[in-house]
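Notes to accompany the following structure.
Here is the naming used below: chain letters follow the sequence lines, and residue numbers restart at 1 for every chain. Computed from a prediction, not measured in an experiment: that's the story for all the values here.
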Protein chains: 2
Amino acid sequence: MFQQAKQNRIFQDVINQIQEAILQGRLKAGDKLPAERELKEMFHTSRGTLREALRVLEQKGLITIKTGVRGGAFVKAVSTHQVSESLDLLIRYQKLSLEDLAEFREGVEGMVTSLAAGRAKKKDIEHLKYLLKQAKIHLDEGVSHWDDFISIDNALHMALAHITGNLMYQSVLQTVHDNINKYYDKFLTKEEEIMRENYRDLCGIVEAVEDGQAAKARRLAQDHVNRFNRFMQEKEQQHGKL
Amino acid sequence: MFQQAKQNRIFQDVINQIQEAILQGRLKAGDKLPAERELKEMFHTSRGTLREALRVLEQKGLITIKTGVRGGAFVKAVSTHQVSESLDLLIRYQKLSLEDLAEFREGVEGMVTSLAAGRAKKKDIEHLKYLLKQAKIHLDEGVSHWDDFISIDNALHMALAHITGNLMYQSVLQTVHDNINKYYDKFLTKEEEIMRENYRDLCGIVEAVEDGQAAKARRLAQDHVNRFNRFMQEKEQQHGKL
DNA sequence: ACTATTAGAATGGTTTAACTATTATAAAAA
DNA sequence: TTTTTATAATAGTTAAACCATTCTAATAGT
């Protein structure tokens with residue numbers, strides 16, 4: 001039920017105090033914390049203990065530390081980076097399979113696209129079509145522009161997440177993309193036919209979103225992601241276990 | 001493109017070496033690392049620097065540290081805990097609105113329940129029915145057992161996530177529950193009628209899962225969560241902005 | 001012989017004081 | 001005006017000691 005209160009650890013108390021200050025907005029992104037030698041006085045602790053606390057806060061993604069004059073600990077804008085990193089650890093430690101991540105992505109993209117279909121404004125549709133145009137350009141340039149094409153594909157999915165107006169979907173989708181893209185790179189063969197198929201998918205999705213057809217948009221998005229996933233899993237099996 | 005190579009930081013090198021040993025399986029869960037005073041010799045570094053590295057590894061969830069004789073740094077089984085923790089941090093930092101969180105939960109519960117409907121084994125169904133029985137008991141005990149009822153409700157949703165066999169859904173749903181329950185506590189009026197309605201929902205969901213009706217299960221789960229969310233948002237508006 | 005107490009040792013937690021490395025800025029030189 | 005150089009502020013590292021916690025084994029009491 002409860003976690004053991006290890007309050008004997010001074011550095012933990014320092015971590016808590018600084019973290020709370022950041023989460024409550026008393027310290028804002030970009031703010032500079034006092035120098036270590038000042039902080040140590042403020043917390044009535046030693047420099048070593050203080051530095052252990054700073055290391056943890058750095059690892060949590062709450063601060064960055066720069067050396068040199070005018071250096072020090074600076075408050076960071078918390079981003080999805082730490083979530084991605086811990087997810088990456090899970091995958092590398094083989095607690096989480098690529099299949100699970102892919103299945104999760106399929107579900108999330110489906111929901112996102114379906115919500116976007118109900119909320120897209122005229123300006124949003126324009127932006128989606130702009131991205132489609134970019135995708136077409138890279139498609140016409142052929143398989144050498146595969147990477148450009150893929151990044152437009154990702155941008156389009158993130159644009160859909162943005163249209164939902166729901167930050168949670170945006171963060172989660174960003175994290176999933178960060179992690180799964182590494183494997184796409186490893187397991188996806190770069191063929192022009194695949195680019196072509198995916199381009200057709202994207203056109204269909206944007207059309208359904210424009211027409212407000214939520215169910216259709218969801219289905220298309222899931223199929224789209226699913227095709228990617230199938231290609232990848234075939235390749236993965238050919239490679240054998242890693 | 002590339003991250004700056006801050007290899008001037010010795011503790012980072014220590015972190016990398018120990019982390020790699022864990023990820024490659026040279027160090028297994030439960031293994032005990034040498035004592036600080038030995039490790040410091042092995043890495044040709046000072047105890048302070050070594051301890052900064054251990055703090056980071058601890059924060060990453062790769063080791064735990066115990067004091068006293070026979071204490072030390074023990075390799076942990078990597079779990080979803082860190083993903084949840086960093087996601088939690090992101091949610092709190094972004095001050096994610098109740099509406100966004102609730103909408104996201106609705107989607108995720110829908111997907112989870114739908115997947116579970118396609119995968120539930122006989123034993124899983126038995127467990128779900130056991131939970132239903134518990135819920136019924138708390139329901140009959142009346143509104144004084146509201147908290148017990150809610151925790152069974154949560155357990156049932158997590159059980160469904162477990163049935164999917166997909167760790168990603170499990171950790172994400174756990175995080176969402178942890179965060180949204182704070183609001184439920186604050187904004188949900190504890191009425192017997194609400195308990196009764198929710199119990200009916202749960203029965204319907206389990207039935208649909210048992211019959212393998214994925215689409216129906218999804219709809220019921222979404223409606224179920226949606227009713228909770230509506231109740232809560234009405235209350236929130238009565239309270240005014242927080 | 002069994003149990004309760006106590007002392008010791010292994011281990012992480014903290015402190016202090018010094019030294020090293022990095023870097024922005026200001027002073028000096030070209 | 002530009003380039004170089006010196007300075008000072010800052011994080012990074014080291015070493016040695018001491019404190020706090022906890023397991024284990026020796027001891028004492030029954």
message = Can you confirm whether more than 12 heavy atoms, excluding those of A/K123, are under 6.0 Å from its NZ atom?
response = no
request  = With sequence neighbours excluded, tell me which residues meet salt bridge (charged side-chain N to carboxylate O under 4.0 Å, His left out) with A/E106.
outcome  = none
task = Not counting sequence neighbours, which residues clear side chain to side chain contact (heavy atoms under 4.5 Å, CB included) with B/T113? List them please.
result = B/L160, B/I205, B/V209, B/A217, B/A221
query = Rounding to a whole Å, what distance do you find between B/D13:CG and D/dG12:C1'?
reply = 14 Å
inquiry  = Rounded to whole Å, please give me the gap between CG in B/L50 and C1' in C/dT11.
reply    = 13 Å
remark   = Sequence neighbours excluded, the answer for salt bridge (charged side-chain N to carboxylate O under 4.0 Å, His left out) partners of A/R47 is A/E36
message = Taking B/E58 first and then A/R9, would you say they form a salt bridge - that is, a charged N and a carboxylate O separated by under 4.0 Å?
response = yes
query = Distance check: side-chain N/O of B/T45 vs OP1/OP2 of D/dT14, anything under 4.0 Å?
reply = yes
remark   = By nearest-nucleotide position on DNA chain C, the 5'-leaning member of A/H44 and A/T67 is A/H44
ask   = Between atom NZ in A/K66 and atom C1' in C/dT25, what is the gap in whole Å?
value = 14 Å
Under 3.5 Å, N/O pairs linking protein and nucleotides 4-9 of chain D:
| unit_1 | atom_1 | unit_2 | atom_2 | d |
| --- | --- | --- | --- | --- |
| D/dA9 | N3 | A/V69 | N | 3.4 |

remark   = Those residues at least two apart in sequence (or on a different chain) that pass ring pair (Phe, Tyr, Trp, His ring centres under 6.0 Å) with A/F11 are none
query = Where does DNA chain D form stems of at least three consecutive Watson-Crick or G-U wobble pairs, each pair having both distances below 3.5 Å?
reply = C:1-30 with D:1-30
remark   = By salt bridge (charged side-chain N to carboxylate O under 4.0 Å, His left out), A/K32 pairs with (sequence neighbours left out) none
query = What residues, two or more places apart in sequence or in another chain, satisfy side-chain hydrogen bond (donor to acceptor under 3.5 Å, both in side chains) together with B/S84?
reply = B/T175
query = Quick one: the side chain of A/R47 and the base of D/dG12, do they pair up donor-acceptor inside 3.5 Å?
reply = yes
Spacing of A/F11 atom CZ relative to C/dT14 atom C1', expressed in whole Å = 11 Å
Side-chain N,O (A/R9) to OP1/OP2 (C/dT14) below 4.0 Å = no
task = For DNA chain C, find the residues of residues 29-43 of chain B with a heavy-atom distance under 4.0 Å and give them by number; none if there aren't any.
result = B/A35, B/E36, B/R37
ask   = A/T49 side chain N/O closer than 4.0 Å to the phosphate oxygens (OP1, OP2) of C/dG13?
value = no
Side-chain H-bond candidate by donor/acceptor type, B/Q170 with B/N166, under 3.5 Å = no
ask   = What's the CZ-C1' distance between A/R51 and D/dA11, to the nearest Å?
value = 6 Å
task = Take the protein atom CD1 of B/I63 and the nucleotide atom P of C/dG12, then report the distance between them rounded to whole Å.
result = 10 Å
request  = Only counting residues at least two apart or in another chain, list the ones meeting side-chain hydrogen bond (donor to acceptor under 3.5 Å, both in side chains) with B/T67.
outcome  = none
request  = Please name all residues satisfying salt bridge (charged side-chain N to carboxylate O under 4.0 Å, His left out) with B/R70, sequence neighbours left out, ordered by chain then number.
outcome  = none
key: Euclidean distance, atom CD of residue B/E58 to atom C1' of C/dG12 [Å, nearest integer]   = 11 Å
Contacts of A/D148 that satisfy side-chain hydrogen bond (donor to acceptor under 3.5 Å, both in side chains) - sequence neighbours left out = none
inquiry  = If you only use heavy atoms from C-beta on, which nucleotide in C/dT14, D/dT13, C/dG13 is closest to the side chain of A/S46?
reply    = C/dT14
